[in-house]
Asker: 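Sharing a structure below in structure tokens format, with a few things to ask.
Just so it is clear: chains get the letters A, B, ... in the order the sequence lines come, proteins before strands, and each one is counted from 1.
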2 protein chains.
Amino acid sequence: MASSELLNVHPALFDRARLAIMAHLSLAKGAVDFNTLIAELELTRGNLSTHMKKLEHDGLVRIKKAFIGRKTRTTYICTSKGKKAIQIYLSAVETVLRSSL
Amino acid sequence: MASSELLNVHPALFDRARLAIMAHLSLAKGAVDFNTLIAELELTRGNLSTHMKKLEHDGLVRIKKAFIGRKTRTTYICTSKGKKAIQIYLSAVETVLRSSL
DNA sequence: ACATAATGTTTGTAATACAAACCGGTTTGC
DNA sequence: GCAAACCGGTTTGTATTACAAACATTATGT
């Protein structure tokens, strides 16, 4: 059954905001910071914060905190596990839906 | 911003079970019945029932009830709105993720 | 020195996915 | 012919979770 391929998809990706976050991070070469994500994805700070905590917990993202001058700066990068999850997501969706066009 | 394309996607599709249901219905020519969906997608009855209620409420699916012999039989078909939602979903996901491979 | 802003995090709440319990009706066993 | 098991779904209760408001901390402007 083709639709069972969806079972291989990491559950964290079945959320509009988190999918957008992961897409953004997997595109960007290098790290992306908190405020950039806020601005581009139109999320509130609280919302982004909790999403990133979950994504880190699941190992899809790595959080880096650093001082820029004396202010803190939080950036995120997509782990290889995260990239793989995105690929699985895309291929699963395509095999399940492509033939229905 | 490419990722904003995800905002056009119908929110009901951001759920693994409902996406699988819609994929199945949009593939099948004609109606699919309750028990077939249960069997192929491995959902509980309660779970499927509530998902279908939501999908009908959102206009992505139409529910038909009929008697087969003296038993009732519930079948579902994907509306044109549902098919369009699937197409939007697929193209949004592809434009957002394709370049990240 | 005091107000305002910037950067995140924690907390409270509303929405929701899920399965258990339920319900109306039918078939089976005895 | 009556009870028990079954079928086809629906409603209800619960546990999870997405979200924004409130909070905490530090920096900046005046």
Asker: Applying salt bridge (charged side-chain N to carboxylate O under 4.0 Å, His left out) as the test, list every pair that has at least one member in residues 57-69 of chain B; sequence neighbours left out.
Answerer: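 Every pair satisfying salt bridge (charged side-chain N to carboxylate O under 4.0 Å, His left out) with a residue in residues 57-69 of chain B: there are none.
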
Asker: Mind checking what makes side chain to side chain donor-acceptor pair (under 3.5 Å) contact with A:H51, not counting sequence neighbours?
Answerer: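 Only A:R18, A:N47 meet the side chain to side chain donor-acceptor pair (under 3.5 Å) criterion with A:H51.
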
Asker: Please state whether the phosphate of D:dT10, meaning OP1 or OP2, lies under 4.0 angstrom from any side-chain nitrogen or oxygen of B:K65.
Answerer: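 It does, given that an N or O in the side chain of B:K65 lies less than 4.0 Å from OP1 or OP2 of D:dT10.
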
Asker: Going 5' to 3' through nucleotides 19-30 of chain D, assign each nucleotide B (protein heavy atom under 4.0 Å from a base atom), S (under 4.0 Å only from sugar-phosphate atoms) or - (no protein heavy atom that close).
Answerer: SBB----SS---

Asker: Considering just the side-chain nitrogens and oxygens of A:N35, establish if one lies under 4.0 Å of OP1 or OP2 belonging to C:dA6.
Answerer: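 For C:dA6, OP1/OP2 do not have a side-chain N/O of A:N35 under 4.0 Å.
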
Asker: Tell me whether the side-chain N/O atoms of A:S49 come closer than 4.0 Å to OP1 or OP2 in C:dG8.
Answerer: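 For A:S49, the contact criterion (side-chain N or O under 4.0 Å from OP1 or OP2 of C:dG8) is not met.
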
Asker: Tell me: CZ of B:F14 to C1' of C:dA15, nearest whole Å?
Answerer: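 Whole-Å distance recorded here is 17 Å.
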
Asker: Rounded to the Å, how far apart are B:L37 CG and D:dG8 P?
Answerer: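 Spelled out: CG on B:L37 to P on D:dG8 is 14 Å.
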
Asker: Between C1' on C:dA17 and CD1 on B:I21, what's the gap in Å once rounded to a whole number?
Answerer: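 Checked: the CD1 to C1' distance equals 12 Å.
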
Asker: Minimum heavy-atom separation for A:V9 to A:F14, with atom names?
Answerer: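 Shortest heavy-atom separation between A:V9 and A:F14 comes out as CG1-CE1, 3.6 Å.
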
Asker: My understanding is that only residues two or more places apart in sequence, or in another chain, count here; which of them pass salt bridge (charged side-chain N to carboxylate O under 4.0 Å, His left out) with A:E94?
Answerer: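 Counting only residues at least two positions away or on another chain, A:E94 forms a salt bridge (charged side-chain N to carboxylate O under 4.0 Å, His left out) with B:R98.
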
Asker: Provide the closest heavy-atom pair for B:L19 versus B:L13 in the form atom of the first, atom of the second, distance.
Answerer: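 Nearest heavy atoms, B:L19 then B:L13: CB-O, 3.8 Å.
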
Asker: In this structure, how many angstroms lie between the C1' atom of D:dG9 and the OH atom of B:Y76, rounded?
Answerer: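 To the nearest whole Å, that distance equals 8 Å.
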
Asker: For B:E42 and C:dC18, what is the distance between atoms CD and C1' respectively, to the nearest whole Å?
Answerer: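 Going from CD in B:E42 over to C1' in C:dC18 covers 15 Å.
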
Asker: Taking salt bridge (charged side-chain N to carboxylate O under 4.0 Å, His left out) as the definition, give me every residue that meets it alongside B:E42, ordered by chain and number, with sequence neighbours left out.
Answerer: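 With neighbours one apart ignored, the set is empty.
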
Asker: Expressed in angstrom and rounded to an integer, what is the separation of A:E56 atom CD from C:dG8 atom C1'?
Answerer: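 Answer to the nearest Å: 14 Å.
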
Asker: What is the distance, rounded to the nearest whole Å, between atom NZ of B:K54 and atom P of D:dT11?
Answerer: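 Between P of D:dT11 and NZ of B:K54: 16 Å.
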
Asker: Using a heavy-atom cut-off of 4.0 Å across all strands, would you classify A:R16 as base, sugar-phosphate, or nothing?
Answerer: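 The answer is nothing, as A:R16 stays clear of every strand by at least 4.0 Å.
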
Asker: Who are the salt bridge (charged side-chain N to carboxylate O under 4.0 Å, His left out) partners of B:R73, not counting sequence neighbours?
Answerer: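 B:D33.
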
Asker: Measure from CZ on B:R73 to P on C:dT26 and round the result to the nearest Å.
Answerer: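 It is 15 Å, rounded to the nearest whole Å.
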
